[in-house]
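Just so you know, these numbers use all the heavy atoms, side chains as well, and skip hydrogens, waters and symmetry mates. Bear in mind that the values here come from a model prediction, so they are computed numbers and not experimental data.
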Amino acid sequence: QVQLVESGGGLVQAGGSLRLSCTSSRDTIGHYAVGWFRQAPGQEREFVAAISLSGGQIRYADSKKARFIISRDNAKNTVYLQMHSLKPEDTAVYSCAAEIHDPYNIATDSYEYDYWGQGTQVTVSS
């Protein structure tokens, strides 16, 4: 069973940056495609970015392309989400998820992911 743990969230001023990390405590995250999603209060979960096993395939939600960067270091068993120029509307709980059946499936739909972390809160103040 894959157990994902996110870290790196916090409170940041608008225009600031944060780097989120996603690691696996029981299995190597390097076996799987990983996606980042976020959910703001009262809103549905939305896709942010996804990366294939090798890092060779990457997908972003259109609105995130210019400011967010997903990457991975399989040697460190970690997937990152670097966020720049943060806005108050980026405030949400950010979660990573693993797709364990196809390591090159960088899906945008949350139902295609099999394991989820608890999430990390990102709050952007104006």
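For the pair D90/R67, a side-chain contact is recorded, criterion being any heavy-atom separation below 4.5 Å from C-beta on. Considering only heavy atoms from C-beta on, W36 stays 4.5 Å or farther from M83 through its side chain. For the pair S24/N77, a side-chain contact is recorded, criterion being any heavy-atom separation below 4.5 Å from C-beta on. At least one side-chain heavy atom of Y104 sits under 4.5 Å from a side-chain heavy atom of L53. With a 4.5 Å cut-off on side-chain heavy atoms, E99 and D114 count as touching. Residues Q121 and T91 have side chains in contact (heavy-atom distance under 4.5 Å, counting atoms from C-beta outward).
For the residue pair S95 and E6, the shortest heavy atom distance occurs at CA-OE2, 3.2 Å. Across all their heavy atoms, R72 and V79 have their closest contact at CB-CG2, 3.8 Å. Here the closest heavy-atom approach between residue V93 and residue G119 is recorded as CG1-CA, 3.8 Å. Heavy-atom minimum distance, Y32 versus I100: CD2-CA, 3.5 Å. Across every non-hydrogen atom of L86 and F68, the tightest pair is CD2-CE1, 4.1 Å. Pairing each heavy atom of R45 with each of Q39, the nearest pair is N-NE2, 3.7 Å.
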> Going through the checks in order, is the side chain to side chain donor-acceptor pair (under 3.5 Å) test met by S52 and Q57?
Replying inline: CA-CA 5 Å; S52 65; Q57 288 82 40; 3.1 Å; yes

>> Run the side-chain contact (heavy atoms from CB on, under 4.5 Å) test on V122 and L20 for me, step by step, so that the C-alpha distance in whole Å, both residues' side-chain angles and the decisive distance to 0.1 Å come before the verdict.
In response: CA-CA 9 Å; V122 171; L20 307 183; 4.0 Å; yes

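With rounding to the nearest 0.5 Å, the separation of OG1 in T123 from CG in L11 is 6.0 Å. Taken from NZ in K87 to OG in S126, the straight-line distance is 14.0 Å, to the nearest 0.5 Å. In this structure, I29 CD1 and N74 CG are separated by 8.5 Å, a value rounded to the nearest 0.5 Å. Rounded to the nearest 0.5 Å, atoms CD (E44) and OG (S110) are 9.0 Å apart. To the nearest 0.5 Å, the span separating CD1 on I70 from SG on C96 amounts to 9.5 Å. Of the inter-residue distances, the one linking L18 atom CG with Q82 atom CD reads 8.0 Å to the nearest 0.5 angstrom.
The aromatic ring centroids of Y113 and F37 lie less than 6.0 Å from each other.
Counting only residues at least two apart or in different chains, ring pair (Phe, Tyr, Trp, His ring centres under 6.0 Å) contacts with residues 72-96 are absent.
When the options I51, T108, I69 are evaluated for a side chain to side chain contact (heavy atoms under 4.5 Å, CB included) with Y60, the one that passes is I69.
Not counting sequence neighbours, the partners of D62 by the salt bridge (Lys or Arg N to Asp or Glu O under 4.0 Å) test are K65.
There is no path of hydrophobic side-chain contacts, each under 4.5 Å, that joins F47 to L4. Placement of I106 and I58 in two distinct hydrophobic clusters is found when ILVMFWY residues are connected by side-chain heavy-atom separations under 4.5 Å, directly or transitively. Cluster membership for L81 and V12, using ILVMFWY side-chain heavy atoms within less than 4.5 angstrom, is shared. Each of V5 and V2 belongs to its own hydrophobic cluster when Ile, Leu, Val, Met, Phe, Trp and Tyr are linked at side-chain heavy-atom distances under 4.5 angstrom.
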